[in-house]
Amino acid sequence: MRMRALTKFSLAMGITAVTFFSAAAQRTYSPNFSIGLKGGATFSRMSFNPSVEQNFKPGFTFGAVVRYTEEKHVGILAELNVTQRGWKEKYDKGEDFSYSRSLTYLQLPVMTHIFFGPKRFKMFINLGPEIGYMIGSSISSDFDYRNISSVNGYPAKRETEQLSMDITGKFDYGIAGGIGGEWRVTPRNSLLIEGRFYYGIGNIFPSSRTDTFSASRGMSIEATVAWMFRIK
C-alpha cells in the first residue's frame, strides 16, 4: 500500500512538474536582436518666438536601426540617421517670393519600443529622447535676403532677421514619438512602416534677452519604411 501511495505521489509530482515547466516555457520570451536600414520623408518647420509665417518644408531621412527586445512586449530601439529639417517661409497670395532653409543633422534617437499583436503583424509605439548635430545647412531664395530694403514689394511688418542670421546652435536635442506596424515577411525579415513626430528643445539662434528670438526650435513629422533582419 505504501509503495502504491508513493508511486502515485511520485507520478502526481512528475505531472505537476512537467505542467509547471511547460507553462513557464510558454511564458518565457526568446530575446530578439535585429538590425536594419530605414529611409523616408520629413516635413519640418521651426518654433520661433516671435512667430514667423511658415509652411512645412519637405526633406529626407535615412540611416541604420538596431533593436533589442527581451520582454514579451517591450524592447529598446536605437538609430543613427542623416535627417534633413528646416523651414519654408510662407507668403500671402500675390507675394511672389520664395525662401527655404535646409538643416541637415546626424541624429541619434534611443527609444523605448512597445509592441503588441500576433506574430505575423504587430503594431508598435516608439518613444524616447533624441540628440543630433548639424552637419550642413543651405538656403534657397529668389530674392536678396541679406539686403531686404532693396527688394521691391517685400511685405512690411514681417520678421526678417531669421533669413540671414548665422546659426550658432548646431547641437540639437529633443523628444521623439512614433506609431507604426511591422509585417513579418519571413522568420528573419520584417518590414516596418512608421509615422513619427519630433520636437526639439535646443535653439539654433542665440536666445538671450537681448537677442531677436527667445526660441528657435525645430520640429518635424517623419514617414519612414525600414527593413529589419533578425540576427538572434
Side-chain angles (χ1 to χ4, degrees), residues 38-63 77-93 95 97-112 125-143 145-146 148 154-180 194-224:
K38 65 173 292 185
T42 63
F43 303 90
S44 309
R45 59 177 295 165
M46 301 295 294
S47 176
F48 286 121
N49 189 15
S51 63
V52 172
E53 290 291 321
Q54 306 169 60
N55 288 318
F56 280 97
K57 181 189 179 303
F60 62 81
T61 182
F62 63 88
L77 181 81
E79 300 174 357
L80 183 62
N81 301 316
V82 174
T83 300
Q84 189 181 69
R85 294 179 177 141
W87 80 94
K88 182 178 181 180
E89 299 274 326
K90 180 181 179 181
Y91 296 96
D92 292 335
K93 189 175 181 179
E95 297 173 346
F97 299 100
S98 175
Y99 177 98
S100 64
R101 195 160 186 171
S102 297
L103 311 175
T104 304
Y105 289 89
L106 184 65
Q107 44 125 218
L108 174 66
V110 180
M111 315 176 77
T112 299
I125 298 172
N126 294 325
L127 181 64
E130 178 182 311
I131 60 173
Y133 186 79
M134 191 183 303
I135 57 175
S137 65
S138 62
I139 295 174
S140 176
S141 176
D142 61 359
F143 60 91
Y145 57 88
R146 294 190 180 276
I148 295 296
Y154 197 83
K157 296 182 180 181
R158 182 184 177 96
E159 289 290 343
T160 59
E161 294 291 329
Q162 75 282 359
L163 302 179
S164 58
M165 190 179 294
D166 292 332
I167 294 173
T168 58
K170 291 189 176 182
F171 178 73
D172 190 33
Y173 57 98
I175 299 294
I179 185 170
E194 181 187 8
R196 184 181 297 180
F197 177 76
Y198 170 78
Y199 184 80
I201 301 174
N203 293 308
I204 64 170
F205 297 141
S207 56
S208 67
R209 291 184 178 180
T210 59
D211 289 313
T212 303
F213 295 101
S214 61
S216 52
R217 305 182 178 109
M219 63 177 70
S220 68
I221 299 170
E222 300 177 8
T224 60

> Taking the side chain from Asp142 and the backbone from Ser98, do they hold a donor-acceptor pair closer than 3.5 Å?
Replying inline: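 Between the backbone of Ser98 and the side chain of Asp142 there is a qualifying donor-acceptor contact (under 3.5 Å).
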
> Does the Thr224 side chain pair with the main chain of Gly40, one donor and one acceptor, at a distance under 3.5 Å?
Replying inline: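 Answer holds: no.
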
> Using 30° and 60° as the class limits, which term best fits the ring planes of Trp87 and Phe48: parallel, tilted or perpendicular?
Replying inline: perpendicular

>> In terms of relative ring orientation, are Phe143 and Tyr99 parallel, tilted or perpendicular, with 30° and 60° separating the classes?
In response: tilted

Would a 4.5 Å heavy-atom cut-off, applied to side chains only, mark [X] and [Y] as touching?
{"X": "Ile201", "Y": "Tyr173", "value": "yes"}
{"X": "Pro109", "Y": "Arg196", "value": "yes"}
{"X": "Tyr133", "Y": "Leu108", "value": "no"}
{"X": "Met46", "Y": "Arg101", "value": "no"}
{"X": "Leu103", "Y": "Asp172", "value": "no"}
{"X": "Thr212", "Y": "Phe205", "value": "no"}
{"X": "Phe97", "Y": "Glu89", "value": "no"}
{"X": "Leu106", "Y": "Val82", "value": "yes"}

For [X] against [Y], the heavy-atom pair lying closest together:
{"X": "Pro155", "Y": "Tyr91", "result": "CG-CD2, 4.2 Å"}
{"X": "Phe213", "Y": "Pro50", "result": "CE2-O, 3.5 Å"}
{"X": "Glu130", "Y": "Ala176", "result": "OE1-CB, 3.8 Å"}

> Would Tyr154 and Tyr145 count as having a side-chain donor-acceptor pair, cut-off 3.5 Å?
Replying inline: no

> Does a donor on one side chain and an acceptor on the other come within less than 3.5 Å for Thr61 and Glu222?
Replying inline: no

> Are more than 12 heavy atoms from other residues, nucleotides or ligands located less than 6.0 Å from atom NZ of Lys88?
Replying inline: no

Could you give the distance from [atom1] ([X]) to [atom2] ([Y]), rounded to the nearest 0.5 Å?
{"X": "Phe197", "Y": "Ser220", "atom1": "CZ", "atom2": "OG", "result": "7.5 Å"}
{"X": "Asp211", "Y": "Glu161", "atom1": "CG", "atom2": "CD", "result": "10.5 Å"}
{"X": "Gln84", "Y": "Ser102", "atom1": "CD", "atom2": "OG", "result": "4.0 Å"}
{"X": "Ser164", "Y": "Ile148", "atom1": "OG", "atom2": "CD1", "result": "7.5 Å"}
{"X": "Gln107", "Y": "Asn81", "atom1": "CD", "atom2": "CG", "result": "4.5 Å"}
{"X": "Ile175", "Y": "Met219", "atom1": "CD1", "atom2": "CE", "result": "13.5 Å"}

>> One thing to verify: whether Glu95 and Lys90 come together as a salt bridge, which I'm taking to mean a side-chain N less than 4.0 angstrom from a carboxylate O.
In response: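 Between Glu95 and Lys90 there is no salt bridge, as every charged N stays at least 4.0 Å from the carboxylate O atoms.
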
>> Check whether Tyr198 forms a cation-pi arrangement with Arg85 (NZ or CZ under 6.0 Å from the six-membered ring centre, at most 45° off the ring normal).
In response: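 Yes, cation above the ring, under 6.0 Å and within 45°.
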
> Which one of Ile167, Asp166, Thr168 satisfies the side chain to side chain contact (heavy atoms under 4.5 Å, CB included) criterion with Pro206?
Replying inline: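 Testing Pro206 for a side chain to side chain contact (heavy atoms under 4.5 Å, CB included) against Ile167, Asp166, Thr168 leaves exactly one candidate, Thr168.
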
> Given Asn203 and Arg217, is the side-chain contact (heavy atoms from CB on, under 4.5 Å) satisfied, shown in steps?
Replying inline: CA-CA 5 Å; Asn203 293 308; Arg217 305 182 178 109; 3.3 Å; yes

